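Working notes, beginning with the structure itself.
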2 protein chains.
Amino acid sequence: MNVGKRKPAPVDPASVPKAVVSRLSLYLRELQQLLRGGQTTVSSSQLGRLLGFTDAQVRRDLAYFGHFGQRGVGYRCDELVRAIRGILGTDREWTVAMVGVGNLGRALLGYRGFNAQGFRIVAAFDADPGKVNRTIEGIPIFPPDHLGQVIREQAIPIGLIASPAAAAQQVADQMVEAGVVGILNFAPVTLALPGHVSLVGVDLATELEQLCFSVANRAGPR
Amino acid sequence: MNVGKRKPAPVDPASVPKAVVSRLSLYLRELQQLLRGGQTTVSSSQLGRLLGFTDAQVRRDLAYFGHFGQRGVGYRCDELVRAIRGILGTDREWTVAMVGVGNLGRALLGYRGFNAQGFRIVAAFDADPGKVNRTIEGIPIFPPDHLGQVIREQAIPIGLIASPAAAAQQVADQMVEAGVVGILNFAPVTLALPGHVSLVGVDLATELEQLCFSVANRAGPR
DNA sequence: CCGTGTGAAATCGTTCACAGCC
DNA sequence: GGCTGTGAACGATTTCACACGG
């Protein structure tokens with residue numbers, strides 16, 4: 001008994017280092033690649049080599065969440081993919097509400113990679129009256145004052161901010177007010193959010209600055 | 001003597017933790033914001049509070065690179081901005097070559113945030129004959145077989161990959177061959193690069209997965 | 001008196017190295 | 001024989017706490 005489909009989680013997920021979770025995404029991406037290539041099994045050392053990590057690191061990362069490998073053999077790619085998706089929470093579909101249908105927003109509306117991993121943008125908002133009340137890539141664009149209602153009615157858990165920096169905090173506040181519990185922020189500002197809302201920020205200029213620093217200081221890849 | 005404009009760098013820049021450099025970008029962004037608001041001085045604790053870091057962390061991070069503060073007062077915003085830009089290397093203009101003028105590529109061509117921080121995309125490439133030999137946002141689009149020549153002639157140091165995943169490694173190889181020393185990769189694949197080339201990867205689906213994990217595990221903001 | 005800069009301590013994350021199992 | 005899972009050692013980063021200077 002007590003040995004069902006679910007592996008026991010050896011630790012509290014909140015105590016897992018952030019770096020581990022971000023490597024998990026990379027493992028997932030690589031495993032899906034391997035599966036497409038017809039490979040059924042990987043060892044920690046192969047997976048590590050492909051990504052530039054050590055084999056010990058790969059094993060340790062996975063061991064945070066359970067026993068997924070087979071001694072002497074390695075990991076079954078399909079099983080490990082399922083397991084990682086379960087850990088990340090991407091084994092179900094997540095709906096996303098986007099604000100800001102500018103250059104970047106439009107690109108994200110058409111980005112296939114989101115759907116492929118289980119994310120679906122179901123509503124977008126923009127302050128420009130010329131953009132609202134139509135669909136782009138099949139996604140309806142609403143005026144900003146519909147934000148609360150749409151998010152609430154569809155119980156959308158994730159917000160994506162691609163608005164100008166000056167509007168971002170206000171947009172975030174409205175999203176949180178409407179019940180969003182996670183925000184992906186592309187606006188180049190720091191957002192202040194209540195503790196129960198998760199935040200991931202992506203600042204494109206900042207990423208280039210990181211690159212710039214390592215180029216200017218010849219630090220090799222990342 | 002020996003007290004010129006340049007502060008001495010207390011340590012080898014290559015030995016600075018990566019996390020420190022990424023916070024440097026955030027300090028910079030916040031300082032520029034403060035300057036726009038007319039503030040001339042910040043303390044480590046104010047800067048930390050704005051970004052969610054401790055005051056000790058801010059001071060330690062900055063101390064890797066020199067003595068920028070004044071005891072009893074704090075840091076002069078304008079001086080610190082100049083200092084951080086000098087450290088990151090964004091006190092000069094960097095030219096960038098982009099490959100892949102799809103959804104995302106077009107958005108990046110029009111992204112104002114790059115110019116604002118000193119990056120200028122000066123050439124783009126795409127395999128679609130319908131897109132080449134014209135300009136978008138003032139940037140010329142070339143066919144892929146011009147890549148080597150254009151990058152070499154203009155001595156472009158930075159490559160930006162926004163091509164489909166399947167093409168990314170080949171594109172990267174050609175960029176490296178042409179002399180690029182840093183690559184910002186938006187394609188969802190792991191690139192293999194020679195050691196003298198720096199790499200920063202941004203995978204949009206991966207970022208959403210991180211968010212998803214922390215939402216699913218209620219870990220609060222990042 | 002306030003806030004920086006920094007040794008020293010504490011914490012966190014990675015790597016080693018090997019027992020255990022297929 | 002090969003490869004996982006994991007205590008223990010190690011190294012890196014963060015936090016503490018206080019001396020020093022404006």
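Model, not experiment: these values are computed from the prediction. Order of the sequence lines sets the chain letters (A, B, ...), proteins ahead of strands, with each chain counted from 1.
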What's the verdict on salt bridge (charged side-chain N to carboxylate O under 4.0 Å, His left out) for A:D55 and A:R59, showing C-alpha distance, side-chain angles and the deciding distance? CA-CA 6 Å; A:D55 55 340; A:R59 292 197 300 276; 3.4 Å; yes
What is the distance from [atom1] of [X] to [atom2] of [N], rounded to the nearest Å?
| X | N | atom1 | atom2 | answer |
| --- | --- | --- | --- | --- |
| B:D61 | C:dT4 | CG | P | 13 Å |
| B:F53 | C:dT4 | CZ | C1' | 19 Å |
| A:R71 | C:dC22 | CZ | P | 8 Å |
| A:R49 | D:dC3 | CZ | C1' | 13 Å |
| A:Q70 | C:dC22 | CD | C1' | 7 Å |
| A:K18 | C:dT11 | NZ | P | 20 Å |
| B:R76 | C:dT4 | CZ | P | 15 Å |
| B:L80 | C:dT4 | CG | C1' | 13 Å |

How about B:Q170: does its CD atom have over 12 heavy atoms from other parts shown lying under 6.0 Å from it? no
When rounded to the nearest 0.5 Å, the distance separating CD of A:E209 from OG of A:S214 is 12.5 Å
Check whether any side-chain nitrogen or oxygen of [X] sits under 4.0 Å from OP1 or OP2 of [N], and answer yes or no.
| X | N | value |
| --- | --- | --- |
| A:Y75 | C:dC22 | no |
| A:H67 | C:dC21 | no |
| B:Q57 | D:dT14 | yes |
| B:R59 | C:dT4 | yes |
| A:T54 | C:dT15 | yes |
| B:S44 | C:dT4 | yes |
| B:R23 | D:dT14 | yes |

Can you tell me which residue among B:Q32, B:R29, B:E93 is in a side chain to side chain donor-acceptor pair (under 3.5 Å) with B:Q117? B:Q32
Counting only N and O atoms by type, is there a donor-acceptor contact under 3.5 Å from the side chain of B:N103 to the main-chain atoms of B:A107? no
Ranking B:S43 and A:A56 by the position along DNA chain C of their nearest nucleotide, the one closer to 5' is B:S43
Between the base of D:dG7 and the side chain of A:R60, is one N or O donor paired with an acceptor at under 3.5 angstrom? yes
